Amino acid sequence: MTFRLYDTATRDVRDFVPLQQGRAGVYVCGLTVQSEPHVGHVRSAVNFDVLRRWLVHQGLEVTFIRNVTDIDDKILTKSAEQGRPWWNLAYDMSRELDRAYTALNVLPPSYEPAATGHVPEMVTLIEQLVEKGHAYAAADGSGDVYFDVRSWPAYGELTRQGLDDMEPAEDADPRGKRDPRDFALWKGRKSSEPATASWPSPWGPGRPGWHIECSAMAGKYLGEAFDIHGGGVDLRFPHHENEQAQSRAAGHGFASYWMHNAWITTAGEKMSKSLGNSLTIPSVLQRFRGIELRYYIVSAHYRSHVEFSFEALEEAAVGFRRIEAYLERARAVVGDVPATGMHCADFVAAMDDDLGTPAAVAAVFDVVREGNKLLADGAGGAGAGADSAALRGNAASVRAMLGVLGLDPADPAWGPAGGHDDQLTSAVDALVRGLLDQRAQARAAKDFAAADAIRDQIKAAGIEVEDTPDGPKWSLINGR
């Protein structure tokens, strides 16, 4: 089956055919680094990380660009409120964002350009638009430069809107605009803004508008035409509409496919700082592991809105721990297995169908059930050589499929292989085993009150015990 994805521009699921055979260029709009990242922010990064991993699995060489917007009205406003330089706020929040991505095993992009490092490219692109008659400098001496939306008849095609039905652009003061829907390419410096937040240009000192940033950076690293442009669904208009208009007006083919992930909502509203309903990554990771949060995000289709709750996250975490428990039991029987097993047909079909991760996760569970049956039937025991080989292949398949989803528990990204963490686990295991031995002795003596008291003592320490045919198994409550 050919990989197919939903193209927002055509509103249809299309076969993915890269512009250059064997290669794929992907540009994803990163965050404006104004504050700590929350769960809603990282969803986009996780979703497009899965896209990237699947493209690589299909044998494509992927150039993956994700930008950082480190100069913006919001950054200037928040830094002023906090009494700190804007660049210090942007840098600190960029580091917080990097930590969040690392905690969720989001692969580093091929390159992560910052807007402030590409102002010359933006100025060049604006000059091209002015020369072609698609942009103009405001006549009021403000230093502003605007894109003339009426000069580009295709404006609105991405979101299928008519120009006369659009609201005025709110990305800049209306000073000097010919049409209220014209959007800012360059913002002349205001006396209220710090001098460090401006750069020289043919129109005077100022800074780039938000939309021109991504067009310039995508063009620099992926060329005038590339395969996939992604981002959150809230970016379709005006950001992506404006990106496409200005890029194509400059003569660039720009993106062949547009992909947009849906929101994570709370109480039916988009999770955002402005609504006061955000959940920062550090606070969530105090209650759940990064791998569990990633599993929660991946379990939903990227185009489906997700209503966040800790109850739903707990339910997802419990489900993922069942997969981990199977892999641990299989490892105890057949030893370490590689993450290079075969992907089952249902998993491949699901991923090829517009990154159908819910069905892909279901396929993983189907394979896990087969593995648990092999364990129950005694795979790896005496005279079970064929079953042992089947168990090894089954576990390798589970690891391979989880790897594509960025969820392989044995991936070193989730923690060091060996070292302090393993030493701590061994120490806790020895202590818990001692208590379990005491519990077993109490049960053998039919002193069930003592046995239950020991179990309660273990649970109070945050450890859950499961009685299995192979003896008691323990795990940390909440997987921590």
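What you see is a predicted model, and the numbers here were worked out from it, not measured in a lab.
Side-chain contact between Val333 and Leu375: present, with at least one pair of heavy atoms (C-beta onward) separated by less than 4.5 Å. The side-chain heavy atoms of Leu55 and Phe16, taken from C-beta on, include a pair separated by under 4.5 Å. Looking only at side-chain heavy atoms (C-beta outward), Tyr101 and Arg66 come within less than 4.5 Å of each other. A 4.5 Å side-chain heavy-atom check between Met259 and Leu355 finds at least one atom pair inside the cut-off. At least one side-chain heavy atom of Ile71 sits less than 4.5 Å from a side-chain heavy atom of Glu213. Side-chain contact between Val68 and Met93 is absent, with no heavy-atom pair separated by less than 4.5 Å. Contact check for Leu31 versus Thr69: no side-chain heavy atoms found under the 4.5 Å cut-off. Annotation: side chain of Leu402 is in contact with side chain of Val364 (closest heavy-atom distance under 4.5 Å).
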Applying side-chain contact (heavy atoms from CB on, under 4.5 Å), run through Val42 and Ile297 and close with a yes or a no. CA-CA 9 Å; Val42 298; Ile297 294 172; 4.1 Å; yes

For Asp70 and Thr116, what are the C-alpha separation, side-chain angles and deciding distance, and is it a side chain to side chain donor-acceptor pair (under 3.5 Å)? CA-CA 6 Å; Asp70 58 347; Thr116 54; 2.6 Å; yes

Verdict with supporting geometry, Leu89 and Trp86, side-chain contact (heavy atoms from CB on, under 4.5 Å): CA-CA 5 Å; Leu89 171 64; Trp86 64 271; 5.8 Å; no

Yes or no on salt bridge (Lys or Arg N to Asp or Glu O under 4.0 Å) for Lys78 and Glu81, after CA distance, side-chain angles and deciding distance? CA-CA 5 Å; Lys78 291 208 170 188; Glu81 291 172 353; over 6 Å; no

Could you walk me through whether Ile264 and Glu307 satisfy the side-chain contact (heavy atoms from CB on, under 4.5 Å) test, starting with their C-alpha distance in whole Å, then the side-chain angles of each, then the deciding distance to 0.1 Å, before giving a yes or no? CA-CA 6 Å; Ile264 290 182; Glu307 177 68 17; over 6 Å; no

Should Asp72 and Thr32 be marked as a side chain to side chain donor-acceptor pair (under 3.5 Å) after you check the CA-CA gap, both sets of side-chain angles, and the distance that decides it? CA-CA 7 Å; Asp72 179 83; Thr32 299; 4.8 Å; no

Is there a salt bridge (Lys or Arg N to Asp or Glu O under 4.0 Å) between Asp354 and Arg303 once you walk through the steps? CA-CA 9 Å; Asp354 192 31; Arg303 288 195 287 119; 2.9 Å; yes

Go through the steps for Asp49 and Arg294 under the test salt bridge (Lys or Arg N to Asp or Glu O under 4.0 Å), then give the verdict. CA-CA 11 Å; Asp49 184 60; Arg294 181 177 176 115; 2.7 Å; yes

Derivation and outcome, side-chain contact (heavy atoms from CB on, under 4.5 Å), residues Leu293 and Ile281: CA-CA 9 Å; Leu293 177 55; Ile281 298 303; 4.1 Å; yes

Salt bridge (Lys or Arg N to Asp or Glu O under 4.0 Å) between Glu370 and Lys373: does it pass, once the steps are laid out? CA-CA 5 Å; Glu370 294 172 2; Lys373 187 175 185 303; over 6 Å; no

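Side-chain atoms of Asn67 come within 3.5 Å of backbone atoms of Gly30 as a donor-acceptor pair (strictly under, hydrogens ignored). Panel note: side chain Ser309, backbone Ala312; a donor-acceptor pair is recorded below 3.5 Å. Without hydrogens or angle criteria, Ser79 side chain to Pro85 main chain gives no donor-acceptor distance under 3.5 Å. The closest donor-acceptor contact from the side chain of Arg23 to the backbone of Glu61 lies at 3.5 Å or more, if one exists at all. Between the side chain of Ser304 and the backbone N or O of Ala300 there is no donor-acceptor pair closer than 3.5 Å. When atom types are taken as modelled, the side chain of Thr280 and the backbone of Pro37 share no donor-acceptor pair closer than 3.5 angstrom. Here the side chain of Thr357 pairs a donor or acceptor atom with the backbone of Val298 at under 3.5 angstrom.
Counting only N and O atoms by type, the side chains of Gln161 and Glu241 include no donor and acceptor under 3.5 Å apart. Side-chain contact check for Tyr221 and His118: at least one donor-acceptor pair (N or O, by modelled atom type) lies under 3.5 Å. A side-chain donor-acceptor contact under 3.5 Å links Ser44 and Asn261. Side-chain polar atoms of Asp352 and Trp54 form a donor-acceptor pair below 3.5 angstrom. With 3.5 Å as the limit, one finds no donor-acceptor pair spanning the side chains of Ser110 and Thr63. Between Glu243 and His229, the side chains place a donor N or O and an acceptor N or O closer than 3.5 Å (distance only, hydrogens not considered).
For the pair Arg443 and Phe448, the NZ or CZ position fails the cation-pi test of under 6.0 Å to the six-membered ring centre and within 45 degrees of the ring normal. Geometrically, Arg14 does not engage Tyr6 in a cation-pi contact defined by less than 6.0 Å to the ring centre and at most 45° from the axis. Judged by a 6.0 Å distance limit and a 45° cone about the ring axis, Arg321 is not positioned over the six-membered ring of Tyr326.
Salt bridge status for Asp411 with Arg399: absent, with no side-chain N to carboxylate O gap under 4.0 Å. Of the charged side-chain nitrogens involved, at least one lies within less than 4.0 Å of a carboxylate oxygen, so that Arg369 and Asp366 count as a salt-bridged pair. Residues Arg99 and Glu96 are paired through a salt bridge, judged by an N-O separation under 4.0 Å between the basic side chain and the carboxylate.
Between Phe365 and Gly319 the shortest heavy-atom distance is CZ-O, 3.3 Å. In this structure, Arg53 and Asn105 approach most closely via the heavy-atom pair NH2-O, 3.0 Å. Taking each heavy atom of Leu285 and Ala103 in turn, the nearest pair found is CD1-CB, 3.5 Å. Closest approach of Cys344 and Met401 over heavy atoms only: N-SD, 3.7 Å. For the pair Gly230 and Phe48, the tightest heavy-atom approach, listed with the atom from each and the gap, is CA-CZ, 3.5 Å. Of all heavy-atom pairs between Ala24 and Leu60, the closest is CB-CD1, 4.1 Å.
Between Trp258 and His260, the ring planes are parallel. Angles under 30° get that label, and only those over 60° would be called perpendicular.
In this structure, CG on Asp7 lies 12.0 Å from CG on Asp15, to the nearest 0.5 angstrom. Rounded to the nearest 0.5 angstrom, Arg322 CZ and Leu327 CG are separated by 13.5 Å. To the nearest 0.5 Å, atom OH of residue Tyr27 and atom SG of residue Cys214 are 3.5 Å apart. For the atom pair Gln82 CD and Asn88 CG, the distance stands at 9.0 Å (nearest 0.5 Å). Note that OG1 of Thr10 and CD of Glu157 are 12.0 Å apart. Values are rounded to the nearest 0.5 Å.
No more than 12 heavy atoms of other residues, nucleotides or ligands sit less than 6.0 Å from atom OH of Tyr91.
For the side chain to side chain donor-acceptor pair (under 3.5 Å) test, residues two or more places apart in sequence or in another chain that qualify with Asp336 are Arg331.
For the side-chain contact (heavy atoms from CB on, under 4.5 Å) test with Val46, the passing option among Leu405, Leu104, Val39 is Leu104; the others fail.
Note: Phe308 and Tyr296 meet the aromatic proximity criterion, with ring centroids under 6.0 Å apart. Checked against a 6.0 Å centroid threshold, the rings of His211 and His240 do not count as neighbours.
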